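What follows is a short report on a single structure.
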There are 2 protein chains.
Amino acid sequence: MPGTTDPVCTEPRAAARTGVCGEPPTAARGGPVSHTLARVARMHRIAMGRRLRELGLYPGQELMMMRLWDCGPVRQSELIQSLGLDPSTVTKMLQRLEQCGHVRRRPDPADRRAVLVEVTDEGLALRAGVEGAWQGLEELSLGGLAPADRAELARLLGLVADNLYEEAGEEGDCPPLPKSC
Amino acid sequence: MPGTTDPVCTEPRAAARTGVCGEPPTAARGGPVSHTLARVARMHRIAMGRRLRELGLYPGQELMMMRLWDCGPVRQSELIQSLGLDPSTVTKMLQRLEQCGHVRRRPDPADRRAVLVEVTDEGLALRAGVEGAWQGLEELSLGGLAPADRAELARLLGLVADNLYEEAGEEGDCPPLPKSC
DNA sequence: ACAGAATATGTGGTCGGCCAACTAATGGGG
DNA sequence: CCCCATTAGTTGGCCGACCACATATTCTGT
């Protein structure tokens, strides 16, 4: 342990080499659930990303497409609202989705500022694949969990979502549901 | 509902304007838990990002710092292993953390390919803030949950993590724990 | 009718994160 | 002893996502 103030580490280096070091960082002890949540979400995202890539989508785009599958031609601003994303994020993502032919954009005749977005036939064709991937991943994630456990997990996650919603404000879903769609 | 094959949408646009459109995309019904999980994780990340910004960190960097706080000087490859990140991600993140003075890098005398990374005093000074933010967010997230519920949530998330671990392979934490730290 | 607020998008830049391709050093066999 | 597979890092490129800032249009109050 040379030089500067050695970190608080319990294993200066000897034990570390043996592979004893605790898995969750000690600094994360104050938030074990948060840590597991982040870990699970990340693995979930990776797993979903793998499935999506085979479909020709990048992670994140599937939520956009889901929204577009639900609504007909939508204003970009409504997508921003319902997805809770930054406007610039949506602009760029739609530009790419359009270039890939999954989506079509045209100016809104009723409001020359706005842009109407709608799915193309090619984009609609992705739906089955995405839904299948989504369901498959759900089943993989919850494998071995009894229905009661699944319900309990959904309930608890919902509570956490409500707690975070107030601070993370945003949108992402229902609560405010400001306008259309 | 003009022109091209109209999406399956239940509300072509009239009802949409009234704000009736379902919150979770219908395509996500096959994976309600996955959807909530992604939503919660995203809000959690945003909330954590806000706290981290005040400390001068970007989301994602806190996990790196936590790892560095635990171990003394570590090889970059070990960070890659324990965080489960892509090597290039780690390289770039460390370059930025070094430029900010939170981290120091020097060649490993024992292996001229490797690089040893360690936290600086300035980086160590962030620890209290990060841990505080982490704990605060944990408390915010779990607010109103009885201890039993918290334990149950942790348990269920752990099960999901195990399920996903097999596919998402990766690392991220303990199971393999290949080498030191 | 018009100035100023509010709305709807787009730009440029930065970061985390991944992949692919590349360099440099180590370590085994033959 | 030398060739080659392996390992450690780096670079470049691309995408999601954010912010700050800039633009065009619509809306509102006076």
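What you are looking at is a predicted structure, and each value in this text was computed from that prediction instead of being measured. Quick note on labels: first sequence line is chain A, next is B, and so on, each numbered from 1.
Protein atom CD of B:Gln99 is 11 Å distant from nucleotide atom P of C:dT14, rounded to whole Å. In this structure, A:Leu57 places its CG atom 9 Å from P of D:dG16, rounding to the nearest Å. Atom CD in A:Glu62 sits roughly 16 Å away from atom P in D:dC15 (whole-Å rounding). Remark: C1' of C:dC15 and CD of B:Gln61 are 8 Å apart, rounded to the nearest angstrom. Rounding to whole angstrom units, CD1 of residue A:Ile46 and P of D:dG16 are separated by 17 Å. Atom CG in A:Asp111 sits about 10 Å away from atom P in D:dT25, given to the nearest Å. Atom NZ of A:Lys92 is separated from atom P of D:dC19 by 12 Å (rounded to the nearest Å). Computed from coordinates, the A:Asp86 CG to C:dG12 C1' distance equals 13 Å when rounded to whole Å.
Nearest-nucleotide positions on DNA chain D place A:Leu97 closer to the 5' end than the other of A:Leu97 and A:Ala110.
Look at B:Arg42 and you'll find a side-chain N or O under 4.0 angstrom from OP1 or OP2 of D:dC18. Distances shown here put a side-chain N or O of B:Thr89 below 4.0 Å from the OP1 or OP2 atom of C:dC18. Between A:Arg112 and D:dA24 there is no side-chain polar atom (N or O) within less than 4.0 angstrom of OP1 or OP2. Side-chain nitrogen and oxygen atoms of B:Ser77 include at least one within less than 4.0 Å of the OP1 or OP2 phosphate oxygen of D:dG9. Between B:Gln95 and D:dT11 there is a side-chain N or O to OP1 or OP2 distance below 4.0 Å.
Side-chain atoms of B:Ser88 lie closest to C:dA20 of the nucleotides D:dT7, D:dG9, C:dA20. In this structure, the nucleotide among C:dT9, D:dC15, D:dT10 sitting nearest to the side chain of A:Arg96 is D:dC15.
Rounded to the nearest 0.5 Å, atoms CG (B:Leu37) and CG (A:Leu153) are 8.0 Å apart.
In terms of heavy-atom proximity, A:Ala161 sits nearest to B:Arg39 at CB-NH2, 3.9 Å. For B:Asn163 against A:Leu142, the heavy-atom pair with the smallest separation is ND2-C, 3.8 Å.
Note on residues 51-62 of chain B: pairs passing side chain to side chain donor-acceptor pair (under 3.5 Å), not counting sequence neighbours, are A:Glu167-B:Arg51.
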